[in-house]
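Before any comments, here is the structure.
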Amino acid sequence: MDKKTEEFYVRLKEELSSTSEWPSEYLYKFIVPTDPKKVEEVENAFDNIGAVINTHQSKTGKYTSLSINVTMQSPADVVEKYIEVSNIEGIISL
């Protein structure tokens, strides 16, 4: 992980710690190229933790957005999930 990305995650953890009480619901938003395997990879990362996942394809069908609402135990857990899915090719975190 590069220094800029690492600094982003440190700031995110600090912000989440100061603005929310934990455990707390967190809304992840991702965009992936429309490929059932990529969508499934993201969904699998949140499997068995009570996540509510909504998907929506772009008008052209090239991309699929995923909104994932899930109760996370701590800011560190939130960041850990971002890092886990970051290795999915073509994923964009919003």
Side-chain angles (χ1 to χ4, degrees):
M1 176 180 331
D2 65 26
K3 185 173 173 67
K4 187 176 179 182
T5 304
E6 194 173 317
E7 289 172 355
F8 169 77
Y9 287 134
V10 168
R11 283 193 314 272
L12 177 61
K13 267 196 240 182
E14 289 171 356
E15 190 173 317
L16 290 173
S17 293
S18 66
T19 60
S20 301
E21 291 188 23
W22 297 91
S24 184
E25 277 197 21
Y26 188 79
L27 178 63
Y28 291 90
K29 291 191 173 206
F30 302 107
I31 296 175
V32 293
T34 298
D35 173 348
K37 290 179 184 174
K38 291 191 187 310
V39 172
E40 186 178 345
E41 281 184 72
V42 176
E43 291 174 340
N44 288 344
F46 291 90
D47 199 19
N48 297 322
I49 61 171
V52 177
I53 302 173
N54 295 306
T55 60
H56 182 75
Q57 260 190 15
S58 65
K59 286 182 182 180
T60 62
K62 284 184 168 185
Y63 298 97
T64 298
S65 67
L66 294 99
S67 297
I68 303 165
N69 202 345
V70 62
T71 299
M72 299 302 284
Q73 297 302 309
S74 70
D77 290 342
V78 170
V79 169
E80 188 178 302
K81 278 294 177 196
Y82 275 120
I83 293 169
E84 181 182 337
V85 300
S86 70
N87 60 23
I88 297 171
E89 187 179 336
I91 194 165
I92 299 170
S93 301
L94 304 174

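Since we're looking at a predicted model, the values are computed, not measured.
Among all heavy-atom pairs drawn from P75 and S17, the shortest one is CG-OG, 3.3 Å. Taking all atoms of both residues into account, the shortest heavy-atom contact from T64 to Q57 is OG1-CG, 3.5 Å. Nearest heavy-atom pair across D77 and M72 is O-CE, 3.4 Å.
Distance OG/S67 to CG/L94: 8.5 Å, rounded to 0.5 Å. For the atom pair R11 CZ and L16 CG, the distance stands at 12.5 Å (nearest 0.5 Å). Going from atom NZ of K29 over to atom CG of N54 covers 10.0 Å, rounded to the nearest 0.5 Å. A distance of 9.0 Å separates CD in E7 from CG in D2, rounded to the nearest 0.5 Å.
Ring-plane geometry between F30 and Y82 is classed as perpendicular, the angle between the planes exceeding 60 degrees on a 0 to 90 degree scale with a lower cut at 30. Between Y28 and Y26, the ring-plane angle classifies as perpendicular under the 30° and 60° cut-offs.
Residues V42 and I68 form a side-chain contact, since some pair of their non-hydrogen atoms from C-beta on lies under 4.5 Å apart. Side-chain contact between F46 and L66: absent, with no pair of heavy atoms (C-beta onward) separated by less than 4.5 Å. Put simply, the side chain of E25 reaches to within 4.5 Å of the side chain of T71, judged on heavy atoms.
Using a distance-only test at 3.5 Å, with no hydrogens or angles considered, a donor-acceptor pair links the side chain of S65 to the main chain of H56. Remark: the backbone N or O of A45 is paired with a side-chain donor or acceptor of K81 at under 3.5 angstrom.
No path of Ile, Leu, Val, Met, Phe, Trp and Tyr side chains, each step under 4.5 Å between heavy atoms, connects V32 with Y63, placing them in separate hydrophobic clusters. In the hydrophobic cluster analysis, where Ile, Leu, Val, Met, Phe, Trp and Tyr join through side-chain heavy atoms closer than 4.5 angstrom, L12 is grouped apart from I92. Connection of I83 to I49 is established within a shared hydrophobic cluster, with ILVMFWY side chains joined at heavy-atom distances below 4.5 Å, either directly or through further cluster members. In this structure, V39 is a member of the same hydrophobic cluster as I91, with clusters built from ILVMFWY side-chain heavy atoms closer than 4.5 Å.
Heavy atoms of other residues, nucleotides or ligands lying less than 6.0 angstrom from CD of E84 number more than 12. At most 12 non-hydrogen atoms from other residues, nucleotides or ligands lie less than 6.0 angstrom from CD of E89.
Under 4.0 Å is where a charged nitrogen must lie from a carboxylate oxygen, and between K37 and E41 no such pair does.
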